[in-house]
Amino acid sequence: MTEEARRSARETIERLESSLSRGMRVRAVAALVAGLSGTVFMAALWLGEDGALPGRTRLAFALLTAFCLAWAGYGGWLLTRRVPLFATDQVIAAWIGVAASITTTALVAAVAAQRGTGPVPALAVGGLFAVTALTLAVRAHRRRAALLRRMRELTAGPEDG
Amino acid sequence: MTDELLVVRAQLGDRAALAELVTRWHGPVWTYARRMLDAGRADDVAQEIWLAVVRGLPRLREPGRFAPWLFTIARRSVADRLRGEYAGAWEELPADDPAAGDRPALGDPAVGDEAEAVVDRAELVDALSALPVPEREILVLFYLEDLSVEDCAQVCRVPVGTVKSRLHRARRMLREHLEERGYRP
């Protein structure tokens with residue numbers, strides 16, 4: 001008698017569902033994007049304050065910035081270690097990142113202009129994030145295009161002989 | 001449909017292709033885990049292996065080399081379970097006979113033991129379990145999983161010559177073990 005696995009392939013796949021769920025991917029991307037945007041926003045507000053701030057205010061800024069950084073770290077950890085982001089997901093996530101970085105940059109620049117501190121530092125930092133997000137988006141598109149090309153080659157292979 | 005096409009489709013996000021890939025390789029992965037571990041742990045480790053495979057699949061750069069990549073992950077999971085229990089069992093062994101690496105059947109007369117050819121699978125599996133981890137592993141990968149010597153070398157992270165010498169030693173140990181149980185040519 002041949003020994004067999006107690007868990008069938010179907011059961012194995014079902015147990016993988018939680019890692020593959022759309023909700024998990026959305027949560028991971030949201031945590032990373034919101035964490036990074038929040039960090040930039042809080043840091044910009046903090047650095048844009050005129051004069052020396054009271055100790056409690058500085059502590060509050062530091063805590064809020066650290067809180068946002070923690071969320072960004074959690075999102076990054078999820079995306080690199082826990083949640084598989086396939087090629088199409090990566091394209092979508094990268095464009096969400098582009099949109100979020102541009103929105104955050106605009107928001108921070110507007111706040112800076114309103115305070116009269118000048119939007120240049122905010123635009124510089126936000127621009128860096130936007131360019132990074134754009135680079136990731138281009139890479140994600142290239143990766144997906146390469147996979148689609150390979151899929152067409154493999155699919156067409158047998159017919160072409 | 002080839003494994004490479006399934007992997008490419010899965011990497012694009014095709015869940016059906018991923019499910020088919022898991023279904024296709026479910027048996028070989030479990031067989032490897034079971035041959036290296038007891039029955040109680042094999043199922044859990046096989047599940048861990050699949051979780052690691054799914055998480056790492058988007059980063060696999062060579063879809064055509066899915067099998068060695070899969071067994072590299074499987075080996076890591078099994079090693080994690082065995083660590084401590086067989087401390088040092090996974091250390092690289094010296095290559096003592098790099099020329100001994102062709103693929104004879106386990107009962108090939110060239111190996112010097114025709115009796116092995118008639119040993120049924122259950123008894124062979126039982127004998128396998130008595131071998132040290134490195135020798136057992138190389139026999140499982142080479143014979144049961146049908147990986148090439150080069151792929152075995154990649155999975156085990158040792159030179160090809162070491163795989164060949166380990167295979168030679170493993171076949172000899174298996175033959176001796178079977179002979180002790182009364183299977184003689």
Side-chain angles (χ1 to χ4, degrees), chain A residues 1-26 28-29 76-94 136 139-160, chain B residues 1-35 38-64 120-122 124-126 129 144:
Chain A
M1 185 181 289
T2 305
E3 189 182 7
E4 288 184 356
R6 281 180 291 196
R7 195 172 293 149
S8 68
R10 179 183 290 274
E11 286 172 315
T12 299
I13 294 165
E14 284 170 0
R15 282 168 173 256
L16 296 171
E17 287 297 325
S18 61
S19 289
L20 291 165
S21 73
R22 180 175 295 172
M24 192 73 173
R25 280 174 286 168
V26 169
V29 172
W77 174 77
L78 278 180
L79 288 175
T80 52
R81 299 286 174 195
R82 286 288 176 268
V83 182
L85 219 51
F86 294 103
T88 307
D89 304 325
Q90 287 176 9
V91 170
I92 296 168
L136 289 174
R139 278 184 57 185
H141 272 287
R142 281 186 183 161
R143 168 86 173 132
R144 184 168 179 273
L147 285 171
L148 285 171
R149 197 164 49 245
R150 185 65 187 141
M151 187 176 77
R152 281 193 293 271
E153 287 170 6
L154 291 167
T155 308
E159 285 79 13
D160 292 349
Chain B
M1 194 181 295
T2 63
D3 282 343
E4 184 177 2
L5 181 53
L6 276 180
V7 171
V8 168
R9 284 179 50 192
Q11 287 183 318
L12 281 163
D14 184 339
R15 296 284 290 277
L18 182 62
E20 195 174 335
L21 197 65
V22 175
T23 303
R24 186 177 290 186
W25 284 92
H26 181 262
V29 165
W30 182 84
T31 299
Y32 173 77
R34 177 64 189 93
R35 294 291 77 83
D38 58 73
R41 290 184 296 179
D43 286 273
D44 289 342
V45 170
Q47 186 70 41
E48 284 174 19
I49 292 167
W50 281 115
L51 193 56
V53 166
V54 164
R55 284 172 178 163
L57 196 62
R59 292 191 295 277
L60 174 61
R61 291 292 156 185
E62 293 182 83
D120 68 34
R121 184 183 173 84
L124 187 61
V125 162
D126 191 36
S129 66
L144 297 186

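What you are looking at is a predicted structure, and each value in this text was computed from that prediction instead of being measured. In the text below, chain A, chain B and the rest are named by the order of the sequence lines, each starting its count at 1.
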When only pairs under 4.5 Å are counted, which of B:Gln11, B:Met1, B:Arg9 shares the most heavy-atom pairs with chain A?
B:Gln11
Would you mind checking which part of B:Leu60 comes under 4.5 Å of any heavy atom in chain A, side chain (CB onward), backbone (N, CA, C, O), both or neither?
backbone
At a heavy-atom separation under 4.5 Å, does B:Ala33 approach chain A through its side chain, its backbone, both, or neither?
neither
Is it the side chain or the backbone of B:Ala42 that comes within 4.5 Å of chain A heavy atoms, both, or neither?
neither
With chain A, which of B:Val29, B:Leu12, B:Leu57 has the greatest number of heavy-atom pairs at distances under 4.5 Å?
B:Leu12
Which portion of A:Leu16 sits near chain B, non-hydrogen atoms under 4.5 angstrom
both
B:Arg24 portion near chain A, given a 4.5 angstrom heavy-atom threshold
neither
Measure distances from B:Trp50 to the heavy atoms of chain A and classify the residue's part below 4.5 Å as side chain, backbone, both or neither.
both
Could you give the distance from OG1 (A:Thr12) to CD1 (B:Ile49), rounded to the nearest 0.5 Å?
10.5 Å
Under 4.5 Å from any heavy atom of chain B, what part of A:Thr88 do you find: side chain, backbone, both or neither?
both
N/O donor-acceptor pair under 3.5 Å between B:His26 side chain and A:Arg7 backbone
yes
Considering all heavy atoms of both residues, which atom of B:Val8 and which atom of A:Arg150 are nearest to each other, and what is their separation?
CG2-CG, 4.0 Å
Whether the side chain of B:Arg59 engages the backbone of A:Thr80 through a donor-acceptor N/O pair (distance < 3.5 Å, no angle test) should be reported.
yes
May I ask you to name which of A:Met151, A:Arg6, A:Glu11 has the most heavy-atom pairs under 4.5 Å with chain B?
A:Arg6
Please report the C-alpha distance between B:Arg55 and A:Arg81 in whole Å, then the side-chain angles of each, then the deciding distance to 0.1 Å, and finally whether the side chain to side chain contact (heavy atoms under 4.5 Å, CB included) criterion is met.
CA-CA 7 Å; B:Arg55 284 172 178 163; A:Arg81 299 286 174 195; over 6 Å; no
Check this for me: A:Glu17, atom CD, are more than 12 non-hydrogen atoms of other residues, nucleotides or ligands nearer than 6.0 Å?
yes
Looking at every heavy atom in both A:Phe86 and B:Val54, which two are closest together, and how far apart are they?
CZ-O, 4.2 Å
Report which part of A:Arg25 has an atom under 4.5 Å of a heavy atom belonging to chain B: side chain, backbone, both, or neither.
side chain
Taking atom CG of A:Leu20 and atom CG of B:Leu51, what is their separation to the nearest 0.5 Å?
9.0 Å
Select, from A:Val83, A:Ile13, A:Val91, the one with the greatest count of heavy-atom pairs under 4.5 Å involving chain B.
A:Ile13
